Amino acid sequence: MAGTDSRVHDELSPPLHVVMFPWLAFGHIVPFLELAQQLASRGHFVTFVSAPRNLARLRPVLPELKPRIRLLPLPLPPVDGLPDGAESTADVPPEKVDLLKVAFDGLAAPFAAFLADACAGAGGEGHGRKPDWIILDFAQHWLPAIADEHKVPCAVFLIFPASAVAFLGTKELNEAHPRSSAADFTVPPPWIPSPSCIAFRGHEAEWLARAWQPNASGVSDMTRVLETMQLCPLLICRCSHEVDGPLCPLLVDLHRKPVLPSGHLAPYHAARAAAAASGADDDKETAGLMRWLDAQPARSVLYVAFGSEAPLAPEHVTALALGLELAGVRFLWALRETSGGLLPDGFEGRTRATGRGMVRVGWVPQVRVLGHEAVGGFFTHSGMSSLVESFLFGHPIVMLPLFADQGLTARLMAERQVGVEVPWRVGGGAAFAAEDVAAAVRRVMLVEEGEEGEVFRRNAEELKEVLWDTARQERYIDDLVEQLLQRRTV
């Protein structure tokens, strides 16, 4: 990965101006912003586009980078059935996410107008310079044609793990090997070398099969991502050779174009800030939560959180609650507001009475919690951003994948022995049982010499070392920037 130092520019190589435009989900917006800060730290200029409320809710940009990162709000058009003020997947129930895609497609004309104005300033500097690149997300299959009109190249940034990108394949491969039924997705595709664990479970495959069908926007999610990848001359994937191994060169072979690893874009600044936090600015609830953690033994608490978008049904919440009780370990459970009223009768009272558990409904400072010395494991939906945050602190994981690429990631993490996946049962009820939740939790959290938990913890610590090898992670960004500089339109 040898690359030049792209932080230094001479008159013949002015800084890049990159437009970044993520999909309306914070699981996408946050890694896009992290990449934007990496580019800005190397002296380049970024125009970061999203809906106004999403930009207002972002973690503050580092002060020294603010002059180089311009936040550009594009208001979403109104859509029948979409709640007022809904601008991200965190604002709507799962059944209304497709309406967000309708609104998102409505940004094509405003974005085209912005790009025309931006390109008119071809002789400017910084943010006044014609964009050198547009880095877009999976959903804007309509954007490359707009960029072509102004001769601005596009790169798609795939925040999905390398396993999901490989499983999707290319438009040409899917046309040669069509998949439509759920059963088609329960086995590895023919372009992934055997043997492989990269396949979906039955309930996950049903979700993926639906993603191949047109939704309220008139376009399927799979059409969006396959066409976007086909139309962009450059692909950026949130992966690394150290974690994803042979999947990285496989992606290049499949797409027959540059596929550049970005590294995993770990939130190092947030992790360092968490370690230095004094608690002086905490609100009452956060202060109480941190005091409770302070009172627990080291590495004894399981942190439980399923992201801001996970579709937890009432029966899921019940099975999880009962499973945590059965496991008999200390836990801190961060629940979405919409799930807080679904807990079994008496659950919160019993956990308070024993002092071994805490339920927090609403926002939790996740990186700070994961960095607390009392936390010894993470119960997660296996979203890549959450996994990266967990591995920054060397935590083994209990995994309950719920949708999208999470199942593929869980298979690979289980194969790597950094944790345990909760099995889903076929037919009826919650689809997973409280007993299975408890068994998985015990396997990860009960760490004795020679037991499985010790293996999981040791392997998670190895991933921690990989992620904190910041010089190696920086080289991925340096190589990416070098490619952007070499391939930009002059």
Side-chain angles (χ1 to χ4, degrees), residues 27 89 92-98 161 163-164 167 179-188 197-213 215 221 302-327 329 331 333-336 338-345 347 359 377-384 386-387 397-415 419-445:
T89 54
V92 296
E95 63 271 14
K96 288 188 179 288
V97 168
D98 290 344
S163 57
F167 189 92
R179 299 176 288 180
S180 57
S181 70
D184 294 333
F185 304 103
T186 60
V187 294
C197 67
I198 300 177
F200 288 95
R201 306 283 193 237
H203 66 287
E204 299 164 346
E206 291 173 3
W207 176 90
L208 191 62
R210 291 193 297 271
W212 285 84
Q213 303 302 314
N215 52 48
D221 288 347
L302 177 70
Y303 175 56
V304 185
F306 297 96
S308 61
E309 298 151 33
L312 281 177
E315 59 269 24
H316 296 156
V317 176
T318 298
L320 286 166
L322 297 177
L324 289 170
E325 279 194 283
L326 284 171
V329 304
F331 66 87
W333 188 359
L335 265 175
R336 291 181 68 179
T338 52
S339 300
L342 303 177
L343 291 167
D345 290 342
F347 174 76
V359 178
F378 187 17
F379 195 165
T380 171
H381 58 314
S382 304
M384 183 52 68
S386 290
L387 289 182
I397 48 179
V398 183
M399 297 169 285
L400 182 68
L402 295 168
F403 70 110
D405 54 84
Q406 297 163 5
L408 300 183
T409 306
R411 309 292 109 79
L412 286 173
M413 293 298 106
E415 185 175 69
V420 174
E421 182 178 352
V422 176
W424 286 62
R425 298 184 178 185
V426 178
F432 58 88
E435 293 81 3
D436 293 332
V437 170
V441 168
R442 290 193 195 102
R443 288 173 65 188
V444 169
M445 292 299 292

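Quick caveat, the model's predicted, so the values are computed rather than measured. In this chain, residues are counted from 1 in sequence order.
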Output the distance between atom NE2 (His381) and atom CD (Gln406), rounded to the nearest 0.5 Å. 5.0 Å
Apply salt bridge (Lys or Arg N to Asp or Glu O under 4.0 Å) to the pair Asp221 and Arg210, showing each step before the final yes or no. CA-CA 9 Å; Asp221 288 347; Arg210 291 193 297 271; over 6 Å; no
Going from CG on Leu302 to CG on Leu324, what distance comes out if it is rounded to the nearest 0.5 angstrom? 6.5 Å
When rounded to the nearest 0.5 angstrom, what is the spacing between OG1 in Thr89 and NZ in Lys96? 15.0 Å
Search all heavy atoms of Ala319 against all heavy atoms of Val437 and return the closest pair with its distance. O-CG2, 4.2 Å
If you define the side chain from C-beta out and look only at heavy atoms, does anything of Phe378 sit under 4.5 Å from Val444? no
Answer with yes or no after comparing the ring centroid distance for Phe200 and Phe185 against a 6.0 Å cut-off, counting only values under it. no
Check the pair Leu322, Glu325 against side chain to side chain contact (heavy atoms under 4.5 Å, CB included), reporting the backbone distance first and the verdict last. CA-CA 5 Å; Leu322 297 177; Glu325 279 194 283; 3.9 Å; yes
Measuring only between side-chain heavy atoms, which start at C-beta, is Glu421 closer than 4.5 Å to Pro401? yes
Can you check whether Phe306 and Phe379 have ring centres sitting under 6.0 Å from each other? yes
Residue pair Ala209 / Ser181: nearest heavy atoms and the distance that separates them: CB-C, 4.2 Å
Any idea which heavy atoms bring Ala438 and Gly323 closest together, and the distance? CB-O, 3.4 Å
Between Leu387 and Thr380, does the side chain to side chain contact (heavy atoms under 4.5 Å, CB included) criterion hold? Intermediate values first, please. CA-CA 8 Å; Leu387 289 182; Thr380 171; 3.9 Å; yes
Run the numbers on Ser180 and Trp212 for side chain to side chain contact (heavy atoms under 4.5 Å, CB included), then give the verdict. CA-CA 7 Å; Ser180 57; Trp212 285 84; over 6 Å; no
Taking all atoms of both residues into account, what is the closest heavy-atom pair of Arg442 and Ala327, and its distance? NE-O, 3.5 Å
dist Glu415:CD -> Ile198:CD1 (nearest 0.5 Å) comes out at 8.5 Å
Testing the basics here: between Pro161 and Met384, what is the closest heavy-atom pair and its distance to 0.1 Å? CB-CE, 3.6 Å
For the atom pair SG (Cys197) and CG (Leu408), what is the distance rounded to the nearest 0.5 Å? 8.5 Å
Distance (rounded to the nearest 0.5 Å) between Arg411 CZ and Phe167 CZ: 10.5 Å
Test side chain to side chain contact (heavy atoms under 4.5 Å, CB included) on Phe331 and Met445; report intermediate values, then the result. CA-CA 10 Å; Phe331 66 87; Met445 292 299 292; over 6 Å; no
Between Ala205 and Thr186, which heavy-atom pair has the shortest distance, and what is it? CB-CG2, 3.7 Å
Measure up the Trp424 and His203 rings against each other and bin them: parallel (under 30°), tilted (30 to 60°), perpendicular (over 60°). parallel
Hey, which of Leu342, Leu400, Leu343 is the one that makes side-chain contact (heavy atoms from CB on, under 4.5 Å) with Leu320? Leu400
Passes salt bridge (Lys or Arg N to Asp or Glu O under 4.0 Å), Glu206 versus Arg201? Steps please. CA-CA 9 Å; Glu206 291 173 3; Arg201 306 283 193 237; over 6 Å; no
